[in-house]
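First up is the structure itself, then whatever we jot down about it.
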Amino acid sequence: MASLFGASPLLCHSIGRLGAHRSTSKRTHLGKVRFVAPSGSALWHIVSQGRCSSRRDVRAQGSEVNVGVIGCKRLERGSEKVPEDKEHRLLKVGIICGGPSAERGISLNSARSVLDHIQGDDLHVSCYYIDGNLNAYALSPAQLYCNTPADFDFKLDSLAQGFGSLPEFAEHLSHSIDIAFPVIHGRFGEDGGIQELLESLNIPFIGTCSKECRKAFDKYNASQELKRQGFVTVPNFLVEGSTQDTLELLKWFTGNKLDKNTGKVVVKPIVAGSSIGVTVAYGADDAMRKASRIISEGIDDKVLIEVFLEGGSEFTAIVIDIGSGSDCHPVVLLPTEVELQCHDKSSTEEDEIFDYRRKYLPTQQVAYHTPPRFSEEIIHCIRKGAELLFKSLGLRDFARIDGWFLPSPPPMLHTNENTKFGHTGSGTVVYTDINLISGMEQTSFLFQQASKVGFSHANILRTIIQRACLRFPSLSFRRNILNVSSGRRSSLLKNKIISKSTGVQKVFVLFGGETSERQVSLMSGTNVWLNLQSFDDLDVTPCLLAPANGYFCKGDKNEVNNSIPMVVWSLPYSIVLRHTTEEVFAACLEAIEPARAAFGSRLRGQVMSELEEGLKKHGWFSGFDIYDDLPKKVPLDEWIRQVKDADAVVFIAVHGGIGENGRLQSVLESSGVPYTGPGPMASKTCIDKVATSLSLEHLKSSGVLTIPKVVLSTEKLSDELIVDTWHKLTRELQCSTLCVKPARDGCSTGVARLCSAEDLSVYAKAVTGHLLRLPANSLSKAHGVIEMPSPPPKTFILEPFGGDSQQLIWKGESEWVEVTVGIMGKLGEVHSFNPSITVKETSDILSLEEKFQGGTGINLTPPPRAIINEAALQRCKQRIEMIANTLRLEGISRIDAFVNVRTGEVMVIEANTVPGMTPSTVLIHQALAEDPPIYPREFFRMILDLGLQRSKQLSSQGTVKAPVWEDA
């Protein structure tokens, strides 16, 4: 949401009512939200007719409870009991996520991903959460889709079953599940804490035992053990607690031939995970200062200072145990090379390490290569060493091992007469980090590397679960009940045209584009593709829409419509699993390069042979289900013809630009190709924020208002008389603070709060200088990185920013709060979901990252009655539906607005015709708050079916010629 007020402030009155449960044992909840859709609406029709035709039950087989703020219905004890007729054939898995570390948000993402991909008729999944204070809760699966840890923790007591203590939690698990799947990263998850708890009651679990976890997770102890085992190690120095022996550190610098004032080292916590708190230091004083800061900030009480490895290449490798019983048989998948890229000379020390941001958020400062661009000898050495390390440390089931390849190793690397492994004729391999519970987000290393050797997400997760079951005699009766590829067709069929006579609908999910929102588009498209491919009656192909000359070339614009020529890449499974569109594009080029393709194919065959040799001994393994085909590129117009010939439907997940301005919709419609979302004219209107306001002016008497705007050309914005321009704008809009945004772009690109003429000048220089992003805190009011439109648009709009009139803790003085609302349905019959209020923790405007990539703050869905009473809420939803019908919205869209908490009047900010569809989008929260809840797979299938229904309706009315596009 990008607006004049920014994100809505948290009301202290509502906090009093909603947050009071934190200080009392009495549990409260916000009341059940009843969804009553019009009987003739498309939404009612799809839900009531069961249009989601997967052979599996997308509602998680009776394991979930209807939820309200994300469900508003508490999970009661015993509510997840497995039906008696299924108990004999279901494996009961308990996902445990959360934890006290700063990686708790990643743990939530991992848990969502695991839940999405292991569900099936042969599994019953229960969900559990450990908060920052080690309190345990049982969750409904719906609640697992909450956005952030703050979001999660805020709603826990009102929506989840709490346990009085960890022993009580363990007792519950002992009779409720067959096996636990811990996905807690960092403390309590990888340090042996949760494992020891489970071991106390002999509860089977996936992963390494507690004793071995403690040894491997502690970076200092692990390095000492590796040295004893004969591995080359990196020299390090331990800083503990308040003990700061600078003299000893100086001796360590000297002994390792490091300059005491400028010697480059890495400073990292001992047991805070692989990314949190890691930084670079220069010299002994700087290193000790940064180590002390880590301790003082409570990140860890022990810190490791290591020699910085110059001139090397970082890698990471996933290890899978395919043995039987207590016999360990580790196989290392194809490793990934991590290439850090600095695109300018202003890079700082943080640019030189693979930190938390680069690991988990889209960035163009890192690229991944699987397999690495190393020689076959080095790759074999990496895999062999990781296998030995896995065995020697007593690890179980799976792990991720990080390290470095150094062509010219520094002399201070620890080696002695006992060193048996690490040195080769081409350089040295060093292992630096052991991750006992690797990240399991949709595009994590686990899934990237597994897909390269034939495993889908579901297949690799189920293989890990089944392997763990073999280690526990108590699960012997369930060893062959789990179908590793349950409910999924072989991906060997992907990228092949399937006739409608087979009863399978071909679907192309299109994402990417050329705007600054393309990374969010990749996340949306990947999420849609992974959800839709679980349906047996769909054949889904992911496709990247990209500039013909690539993302690093400006290319030539088409003289007719001033647009960049576009191509579409049809992607194999493994290439989709990337963090940026640039990375996907580069992976496509790499995949079709003959020498590189042959190299990868040879290594892939070797690893698959090793895996198959071990897995074929197990009756439950039904084979690999991913065929790593080559990507295929065609011009956009040719791709549309192919889609038409395949009798396929296009799921549009392209944000901004061609995806939302009506161009793509116009071409698809004129070609007779079904697609999702609103039509060309609605898209063209809604991306133009001024046109949107003009279209709604006549609804003022019905309680629908629009925000006053001033349109300013790019030339005028950069006028030398910037002070005069500022005073004129503030007088005309009658405010002291402005919100600036492109007149025709997505919902977050180039949106900023301006508090002075100096801010306007900084923003104008960013526009005229063609900056891709405005660095954090460039303006007078604190803010994050602002993605800028590229190329700059012809016009911008400026609106009043009303933040001055609202306080962070709102006491009821203002009657307006900001909301975002999803709408779904047929043209003229749309249904409004319950709105969401986003409580922002910092700054004023939600950035692209905060909105779609895990976010910050708390999403209140639906708004608590302490903020908006029921009558005002219903009037608000009625007006939202009126707005959507007036704008001719259909399928799925999102409206951002202010709502009057007493009257339900709506002041429209903007409408988005291709809203974010990432795993953390607020639309998922709103769909889950329906009664009954609409889970992500069902949600995306409903959007797809609405697109098909619309196409059939147009066909029944005769050939409909799409409007001719006129460039604005």
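Just so you know, these numbers come straight off a predicted model, no measurement behind them.
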Contacts of E612 meeting salt bridge (charged side-chain N to carboxylate O under 4.0 Å, His left out) (sequence neighbours excluded), chain-then-number -> none
D402 side chain vs D433 backbone, donor-acceptor pair below 3.5 Å: no
For F421 and Q229: C-alpha separation, side-chain torsions, deciding distance, then whether side chain to side chain contact (heavy atoms under 4.5 Å, CB included) applies. CA-CA 9 Å; F421 190 87; Q229 295 283 349; over 6 Å; no
Do side-chain atoms of R518 reach the backbone of T515 as a donor and acceptor pair under 3.5 angstrom? yes
Evaluation steps, ring pair (Phe, Tyr, Trp, His ring centres under 6.0 Å), between H380 and F374: CA-CA 10 Å; H380 173 76; F374 307 155; over 10 Å; no
Any heavy-atom pair between the side chains of L258 and W252 that's under 4.5 Å? yes
What pairs with Y220 under ring pair (Phe, Tyr, Trp, His ring centres under 6.0 Å), at least two apart in sequence or on another chain? none
Using the test side chain to side chain contact (heavy atoms under 4.5 Å, CB included), find all partners of P407 that sit at least two apart in sequence or belong to another chain. F405
Sidechain-backbone polar pair: S521 side chain, E517 backbone, donor-acceptor under 3.5 Å: no
Counterpart residues, side chain to side chain contact (heavy atoms under 4.5 Å, CB included), relative to E610 (two or more places apart): V331, R383
Sidechain-backbone polar pair: H457 side chain, F447 backbone, donor-acceptor under 3.5 Å: no
Which residues share a salt bridge (charged side-chain N to carboxylate O under 4.0 Å, His left out) with E377, sequence neighbours left out: none
So, does S113 use its side chain to make a donor-acceptor pair with the main chain of M440 at under 3.5 Å? yes
Non-hydrogen side-chain atoms of S570 and W639 separated by less than 4.5 Å: yes
Who passes salt bridge (charged side-chain N to carboxylate O under 4.0 Å, His left out) against R373, sequence neighbours left out? E337, E339
Are E225 and R228 ion-paired here, with the side-chain N under 4.0 Å from a carboxylate O? yes
Counting N and O atoms only, with roles assigned by atom type, does the side chain of N531 sit under 3.5 Å from a partner on the main chain of N527, one being a donor and the other an acceptor? yes
Can you see whether Q449 engages T336 through a side-chain donor-acceptor pair at a distance of less than 3.5 angstrom? yes
V568 side chain reached by F508 side chain, heavy atoms, under 4.5 Å: no
Restricting to ring pair (Phe, Tyr, Trp, His ring centres under 6.0 Å), what partner residues turn up for F390, sequence neighbours left out? none
Side chain of N435, backbone of E190: donor and acceptor closer than 3.5 Å? no
Evaluation steps, ring pair (Phe, Tyr, Trp, His ring centres under 6.0 Å), between F511 and W529: CA-CA 10 Å; F511 48 82; W529 162 62; 8.2 Å; no
Among residues at least two apart in sequence or on other chains, which ones pass side chain to side chain contact (heavy atoms under 4.5 Å, CB included) with K391? C328, P330
With sequence neighbours excluded, residues passing ring pair (Phe, Tyr, Trp, His ring centres under 6.0 Å) with F253: none
I460 and I320, any side-chain heavy atoms less than 4.5 Å apart: yes
Is there a donor-acceptor pair under 3.5 Å between the side chain of K290 and the backbone N or O of V280? yes
Identify each donor-acceptor pair in which a side-chain atom of residues 594-607 lies under 3.5 Å from a protein atom, sequence neighbours left out, and give them as a table.
from	atom 1	to	atom 2	distance (Å)
R596	NE	E590	OE2	3.2
R596	NH1	P372	O	3.3
R596	NH2	P371	O	2.2
R596	NH2	E590	OE2	3.4
R602	NE	E376	OE1	3.2
R602	NH2	E376	OE1	3.1
R604	NE	K452	O	2.5
R604	NH2	I626	O	3.3
Q606	NE2	E376	OE2	3.1

Got a sec, which residues hit ring pair (Phe, Tyr, Trp, His ring centres under 6.0 Å) with F315, two or more places apart in sequence or on another chain? Y431
Suppose we screen for salt bridge (charged side-chain N to carboxylate O under 4.0 Å, His left out). Which residues come up paired with E613, at least two apart in sequence or across chains? none
